[in-house]
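Take a look at the structure below.
Letters A, B, ... mirror the listed sequences (proteins, then strands); counts begin at 1.
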Amino acid sequence: MSNKVDAPEKGKDFIRQIIDKDNETGKYQGRVHTRFPPEPNGYLHIGHAKSICLNFGLARDYNGKCNLRFDDTNPVKEDVEYVDSIREDLRWLGFKWDDNFYASGYFDKLYYIAELFIKMGKAYVDHQSADEIRGNRGTLKEPGTNSPYRDRTIQENLDLFRAMRAGDLEDGTCILRGKIDMAAANFMLRDPALYRIKHAEHHRTGDTWCIYPMYDFTHGLSDAMEGITHSICTLEFENNRPLYDWCVNTLMEGLRQPELFGENATIYNELAALPGFNERPYQYEFARLNITGTVLSKRKLIQLVQEGYVSGWDDPRMPTISGFRRRGYTPESIRDFCERIGVAKSNSTVEFALLEHCVRQDLNERAPRYLGVMDPVKLVIENYPEDQVDEFTMPLHPEDESYGERAVPFSRELWMERADFMEDPPKKFFRMGVGREVRLRSAYYVTCTGFDKDADGNITKIRATYDPETKGGWSKDGRKIKGTMHWVSARHGIQAEIRNYSNLFTTENPNSVEEGKTFVDYVDPDSLEVLTNCWVEPALADMEPGTNFQFERTGYFCADTRDHQPGSKLVFNRTTTLRDSWAKIQKQMGK
RNA sequence: AGGGCUGUCGUUCAAUUGGCAGGACGGCGGAUUCUGGUUCCGUUGAUCAAGGUUCGAGUCCUUGCAGCCCUGCCA
């Protein structure tokens with residue numbers, strides 16, 4: 001393998017191209033430092049996974065670092081439950097952060113930076129009401145008008161801001177604003193709010209503060225303090241970038257005037273020593289993930305949870321990390337998905353089929369195989385002795401013998417899948433029909449001799465005879481058998497509950513709905529199917545919760561992490577079905 | 001004339017920065033198979049539009065068109 005060092009590398013996403021360029025020009029001396037900055041106001045979902053894989057992946061690929069930083073500047077929306085779940089999900093996905101910071105950990109420094117902005121004449125306290133501010137902001141085509149408080153003296157602003165902090169003022173009395181340009185075409189620059197009064201208990205700082213910094217003020221400055229080089233966020237923040245730059249640049253300008261810090265020399269020294277102020281961070285935006293058939297907005301996900309459409313954040317139908325985990329998706333499959341979808345700037349919606357492909361591919365390699373009957377019907381082998389039991393040894397994985405094997409008992413009465421029998425089978429149906437010979441997986445060839453029905457016409461029993469010469473599921477004469485079926489010995493099988501999940505929504509795009517409807521009107525009440533009368537082979541009895549496996553011919557499953565109890569109550573979640581070409585044929589024949 | 005961003009197979013991401021538009025998923029067809037699974041092979045199919053520059057344009061220029069974001073004291 002010869003690597004041409006200066007051969008242009010193809011297929012890199014635009015962010016990596018930017019980093020390559022920065023490395024060439026020596027912008028950060030080859031340093032790459034990213035961060036994943038969630039607000040702890042909800043659980044992580046697959047859209048966050050894209051951002052996580054990007055930010056942590058960059059750190060990995062460029063020998064850099066990636067911080068976890070909770071963007072916790074709005075105490076009324078945030079909670080420790082969410083920070084705990086975010087940390088757990090991140091670890092489960094397989095990523096290790098270099099440092100775990102909190103925006104709230106910077107409240108002190110941010111406060112003094114705000115004072116600095118005031119001293120620089122770059123910020124002022126505005127006593128207009130929220131409504132007045134909105135009214136004076138202007139419109140898309142017309143400039144805003146200056147606040148009557150815009151020209152207060154520095155000392156006046158300083159006194160007022162300190163009063164805000166002191167806690168004497170009620171919420172909404174006044175606000176600290178950046179003094180930029182009320183006529184800017186970009187609204188973000190029309191004197192944006194920097195600090196607001198909120199008498200609210202913060203999940204980390206308690207009641208230390210009654211003023212909290214706004215996102216734009218906090219984010220860029222936090223990046224700078226941490227020495228972030230590439231601050232990657234989603235497209236809707238493109239308009240915020242000039243404000244991001246204004247905050248960082250204003251601080252850097254302020255740091256060149258140490259005298260402004262006055263009695264706060266300590267803070268100055270701390271700030272000036274941070275790496276980010278010699279090599280400032282820049283913000284880059286990429287398109288957030290959309291997937292067909294689901295919603296990926298925290299607001300909508302929280303609504304599904306709170307209004308009881310799902311059982312919780314980890315309901316296996318949820319596109320949350322915890323939902324996918326409980327459903328049986330592996331971290332590897334999610335990471336693979338995130339790599340395949342790419343990173344770009346155009347809004348796009350990825351087909352859910354790609355995610356399914358990723359799990360199937362991963363699970364095909366790693367999931368041990370078992371037999372289980374979902375919709376059982378009795379199969380009686382009439383020429384098989386009542387008291388006889390065969391024990392067949394079957395490999396746990398067809399392509400990897402390191403998985404070992406397990407013993408599967410066989411007896412006269414078996415459970416088979418109702419859908420594997422047809423009274424009037426068409427030619428393309430390879431399974432059981434009267435007079436047809438099929439293979440019972442790893443056991444015997446059997447020939448159907450007849451079936452019984454009850455008064456309602458339901459098939460109650462299927463009868464067959466077996467060929468003792470085909471023990472193990474093959475014959476010396478090499479006769480061709482088209483169909484192979486799974487089975488479970490009725491005497492030895494264990495009853496289990498199986499939960500089949502399908503799309504939560506009845507529409508491909510729950511984000512755009514008919515007039516007068518909302519996305520919850522498209523929740524599919526049948527998206528969870530609970531099967532309580534399933535029969536599985538005895539080897540499954542002691543399976544640990546969270547274990548992935550395959551029911552041959554049916555799909556990939558995972559022992560539920562909440563309700564499955566080894567040895568007593570078996571509960572299996574269907575991760576996804578196997579690809580089913582018979583279903584396709586049926587569909588074609590139905591047309 | 002508000003500002004910002006984006007338009008490439010059905011979907012998604014590429015195209016050595018002006019040099020034969022490629023891969024993945026999906027679809028279709030076939031081979032193999034003790035899972036109608038897996039694997040393997042083949043196939044389908046795209047540069048938003050119109051002009052211009054050029055030997056040569058997805059890429060550069062001009063003019064349109066379409067979509068997304070921006071008037072929170074949310075992030």
Side-chain angles (χ1 to χ4, degrees), chain A residues 7-13 17 37-39 41 71-74 76-78 126 129-130 133-144 171-177 184-190 192-198 211-212 214-216 218-219 233-242 285 287 292 298-299 339-351 353-358 360-361 364-365 369 371 394 398-399 428-431 439-443 445 472-474 481-486 550-556 577-585:
Chain A
E9 293 172 80
K10 292 171 76 172
K12 280 196 177 180
D13 60 67
Q17 289 176 20
E39 183 188 14
N41 67 343
D71 221 328
D72 54 351
T73 57
N74 187 357
V76 301
K77 289 191 174 180
E78 297 149 6
D126 193 346
S129 68
I133 288 182
R134 193 173 310 123
N136 286 334
R137 188 139 29 212
T139 67
L140 292 178
K141 297 187 178 177
E142 280 159 18
D171 291 8
T173 309
C174 56
I175 182 185
L176 184 73
R177 290 231 255 171
N186 181 345
F187 275 84
M188 300 308 303
L189 300 177
R190 318 246 264 226
L194 264 29
Y195 258 93
R196 75 289 215 190
I197 304 172
K198 251 184 214 285
I211 56 173
Y212 292 93
M214 300 289 290
Y215 165 82
D216 292 290
T218 307
H219 205 92
C233 61
T234 46
L235 250 30
E236 66 270 26
F237 290 97
E238 281 176 324
N239 296 309
N240 300 52
R241 191 184 339 126
E285 311 86 14
T292 56
K298 277 192 197 169
R299 202 210 94 230
E339 270 175 37
R340 285 169 185 256
I341 57 179
V343 178
K345 295 197 69 154
S346 66
N347 289 306
S348 60
T349 303
V350 177
E351 289 174 341
L354 181 59
L355 222 199
E356 279 194 306
H357 169 81
C358 293
R360 287 199 184 109
Q361 184 178 274
N364 175 53
E365 274 180 42
R369 269 61 166 178
L371 303 183
M394 303 190 195
E399 278 124 38
K428 287 182 177 175
F429 187 77
F430 304 152
R431 310 172 190 181
R439 174 189 294 111
L440 293 180
R441 176 77 159 156
S442 302
Y445 292 178
W474 61 282
I481 298 293
K482 267 279 198 181
T484 298
M485 294 166 31
H486 59 276
Q550 182 195 103
F551 275 131
E552 290 204 24
R553 302 214 305 136
T554 303
Y556 295 100
T577 59
L578 257 33
R579 284 180 58 189
D580 188 353
S581 52
W582 168 238
K584 275 185 199 170
I585 294 169

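Listed pair Arg553(A) / G36(B) meets the phosphate criterion, a side-chain N or O lying under 4.0 Å from OP1 or OP2. Phosphate proximity of G67(B) to Ser346(A): absent, as no side-chain N or O sits under 4.0 Å from OP1 or OP2. Dashed line: the shortest gap from a side-chain N or O of Arg137(A) to OP1 or OP2 of G72(B) is under 4.0 Å. Residue Arg369(A) has no polar side-chain atom (N or O) positioned under 4.0 Å from OP1 or OP2 of U35(B). Put simply, Arg441(A) has no side-chain N or O that comes within less than 4.0 Å of OP1 or OP2 on U33(B). Note on Lys141(A): every side-chain N or O is 4.0 Å or more away from OP1 and OP2 of U71(B). Taking only side-chain nitrogens and oxygens, Thr349(A) never comes nearer than 4.0 Å to OP1 or OP2 of U11(B). Contact annotation: Arg439(A) does not reach the phosphate of U35(B) (side-chain N/O to OP1 or OP2, under 4.0 Å). Distances shorter than 4.0 Å separate none of the side-chain N or O atoms of Lys12(A) from OP1 or OP2 on A15(B). Within the 4.0 Å cut-off from OP1 or OP2 of A15(B), at least one side-chain nitrogen or oxygen of Gln17(A) is found. Side-chain nitrogen and oxygen atoms of Lys584(A) include at least one within less than 4.0 Å of the OP1 or OP2 phosphate oxygen of G27(B).
Note on Met188(A): nothing from the nucleic acid sits closer than 4.0 angstrom, heavy atoms only. If you check every strand for non-hydrogen atoms under 4.0 Å, Glu365(A) touches nothing. Using a 4.0 Å heavy-atom criterion, one finds that Asn41(A) contacts no nucleic acid atom at all. Using a 4.0 Å heavy-atom cutoff across all strands shown, Val76(A) reaches no nucleic acid atom at all. In this structure, Lys298(A) reaches neither bases nor backbone, as no heavy-atom distance under 4.0 Å exists between it and the strands shown. Counting non-hydrogen atoms under 4.0 angstrom, Ser129(A) reaches a base of the nucleic acid. Base engagement by Pro398(A) is indicated by at least one non-hydrogen atom pair under 4.0 Å involving a base atom.
As rounded to the nearest Å, C9(B) and A15(B) have P atoms that lie 16 Å from one another. Going from the C1' atom of G58(B) to that of U8(B) covers 7 Å, rounded to whole Å. For the C1' atom pair drawn from U17(B) and G56(B), the interatomic distance equals 15 Å after rounding to whole Å. Atom name C1', nucleotides U63(B) and U53(B): the rounded distance is 15 Å, in whole Å. Atom P of C41(B) sits at a distance of 13 Å from the matching atom of G23(B), rounded to the whole Å. Rounded to a whole angstrom, the distance from the C1' atom of U38(B) to that of A46(B) is 31 Å. Here the separation of U32(B) from A24(B), taken at their C1' atoms, is 24 Å to the nearest Å. G64(B) and A1(B) have their C1' atoms separated by 14 Å, given to the nearest Å.
With C13(B), G36(B), G2(B) as the choices, the nucleotide that has an atom nearest any side-chain atom of Ser348(A) turns out to be C13(B). Distance from the side chain of Glu552(A) is smallest to U35(B) among G4(B), U35(B), A24(B). In this structure, the nucleotide among C74(B), C70(B), G4(B) sitting nearest to the side chain of Glu238(A) is G4(B). Listed nucleotides: U35(B), G26(B), C74(B). Nearest to the side chain of His357(A): G26(B). With distances taken from any side-chain atom of Arg431(A) to the nucleotides G36(B), G37(B), C69(B), the minimum falls on G36(B). In this structure, of C73(B), G27(B), C68(B), it is G27(B) that holds the atom nearest to the side chain of Arg579(A). Of the candidates A75(B), G36(B), U35(B), A75(B) carries the atom nearest the Phe237(A) side chain, counting heavy atoms from C-beta on.
The 5' end of RNA chain B is approached more closely, in terms of each residue's nearest nucleotide, by Leu578(A) than by the other of Leu578(A) and Arg134(A). Mapped onto RNA chain B by nearest heavy atom, Ala353(A) and Ala287(A) fall at different nucleotides, with Ala287(A) at the one closer to the 5' end.
When all heavy atoms of Tyr445(A) and Trp474(A) are compared, the closest pair comes out as OH-CA, 3.5 Å. In plain terms, the two heavy atoms of Tyr212(A) and Lys198(A) that are nearest each other are CE1-O, 3.3 Å. When all heavy atoms of His486(A) and Glu552(A) are compared, the closest pair comes out as ND1-O, 3.8 Å. The heavy-atom pair separating Val343(A) from Asp13(A) by the smallest distance is O-CB, 3.5 Å. For Tyr195(A) against Ile175(A), the heavy-atom pair with the smallest separation is O-CG1, 3.1 Å.
In this structure, CG in Leu371(A) is found 10.0 Å from CD in Gln550(A), a value given to the nearest 0.5 Å. In this structure, NZ on Lys345(A) lies 11.0 Å from CG on Asn347(A), to the nearest 0.5 angstrom. The line from NE2 of His357(A) to CZ of Arg579(A) is 9.0 Å long, rounded to the nearest 0.5 Å.
Contact annotation: the side chain of Arg360(A) approaches that of Thr577(A) to within less than 4.5 Å [non-hydrogen atoms, C-beta and beyond]. Using a 4.5 Å heavy-atom cutoff, the side chains of Met485(A) and Arg553(A) are in contact. Here the side chains of Ile585(A) and Phe429(A) are not in contact, with every heavy-atom distance at 4.5 Å or above. Side-chain contact between Ile481(A) and Phe430(A) is absent, with no heavy-atom pair separated by less than 4.5 Å. Between Arg340(A) and Val350(A) there is no side-chain heavy-atom pair separated by less than 4.5 Å.
Looking at Asn239(A), its side chain comes within 3.5 Å of the base of G3(B) through a donor and an acceptor atom. With hydrogens and angles ignored, no donor-acceptor pair closer than 3.5 Å exists between the side chain of Asn74(A) and the base of C74(B). In terms of polar N and O atoms assigned as donor or acceptor, the side chain of Glu399(A) comes within less than 3.5 Å of the base of G37(B) in a complementary pairing. Counting atom types as modelled, Glu351(A) pairs no side-chain N or O with a base atom of U12(B) as donor and acceptor under 3.5 Å.
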Base-contact (B) and sugar-phosphate-only (S) positions in nucleotides 43-48 of chain B, heavy-atom cut-off under 4.0 Å, - elsewhere
------

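Rounded to a whole Å, the NE2 atom of His219(A) is 12 Å from the P atom of A75(B). When the P atom of G22(B) is taken as reference, atom CZ of Arg340(A) falls 20 Å away, rounded to whole Å. Distance OH (Tyr215(A)) to P (G72(B)): 18 Å, rounded to an integer number of Å. The interatomic distance linking Lys345(A) (NZ) with U12(B) (C1') rounds to 18 Å, in whole Å. Atom pair Asn240(A):CG and C5(B):C1' shows a separation of 13 Å (rounding to whole Å applied).
For RNA chain B, if you chain together Watson-Crick or G-U pairs that step i with j, i+1 with j-1 and so on, the runs of at least three with distances under 3.5 Å are B:2-7 with B:65-70, B:10-13 with B:22-25, B:27-31 with B:39-43, B:48-52 with B:60-64.
Using a 4.0 Å cut-off between charged side-chain N and carboxylate O, Glu39(A) and Lys77(A) make no salt bridge.
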